[in-house]
Amino acid sequence: MPVELHCYRCGASLAKLSLPLSRRDECPQCRAELHVCRMCVNYDKRWRRACREDDAEEVKDKEKANFCDYFKPSPNAYDPAEREAADAARAALDALFKK
């Protein structure tokens, strides 16, 4: 049984997309690019360059589509707690600047 993928940014289901994800694939809900480090099983902030694959080229922007040959989409890329923290920080900034 295939594991369902979700967008790393918004958590939307990516079940309608065909695998492997292409460099141009985007989330149908938030339009985030999907062939990105943040969506990969090798992405890990605790590692040097945030990648567990030593042979991979360094990618500066982890949320920008890239050509990495080691890319494999992670079913665990979406982290609701990280999203909540980002939303809370954004709300605090909006309140600070009375947006």
In the single-linkage hydrophobic clustering (I, L, V, M, F, W, Y; side-chain heavy atoms under 4.5 Å), do L34 and V59 co-cluster? no
Applying side chain to side chain contact (heavy atoms under 4.5 Å, CB included) to N76 and not counting sequence neighbours gives S74
One should read off an interatomic distance between E63 CD and Y43 OH, to the nearest 0.5 angstrom, of 7.5 Å
Report, one line per pair, each donor and acceptor closer than 3.5 Å where one atom sits in a side chain of residues 16-28; sequence neighbours left out.
residue : atom : partner : partner atom : Å
S22     : OG   : R24     : N            : 3.2
S22     : OG   : D25     : N            : 3.4
D25     : OD2  : S22     : N            : 2.8
E26     : OE1  : R31     : NE           : 3.2
E26     : OE1  : R31     : NH2          : 2.9

So ring-ring contact (aromatic ring centres under 6.0 Å, His included) across residues 14-34, not counting sequence neighbours, yields none
Residues E4 and P75: closest non-hydrogen pair is O-CB, 3.9 Å
- Task: Would you mind reporting whether C40 and C68 have side-chain heavy atoms less than 4.5 Å apart?
- Result: no
In this structure, NZ of K62 is separated from SG of C51 (nearest 0.5 Å) by 7.0 Å
Rounded to the nearest 0.5 Å, the SG atom of C37 sits from the NZ atom of K60 at a distance of 11.5 Å
Correct closest heavy-atom pair for Q29 and A12 would be OE1-CB, 3.5 Å
The ring pair (Phe, Tyr, Trp, His ring centres under 6.0 Å) partners of H35 (sequence neighbours excluded) come to F71
Sorted by chain and residue number, the side chain to side chain contact (heavy atoms under 4.5 Å, CB included) partners of Y78 (sequence neighbours excluded) come out as H6, P80, R83
Across all chains, not counting sequence neighbours, the ring pair (Phe, Tyr, Trp, His ring centres under 6.0 Å) partners of Y8 are none
CD (E33) and CG (N66) are apart, to the nearest 0.5 Å, by 9.0 Å
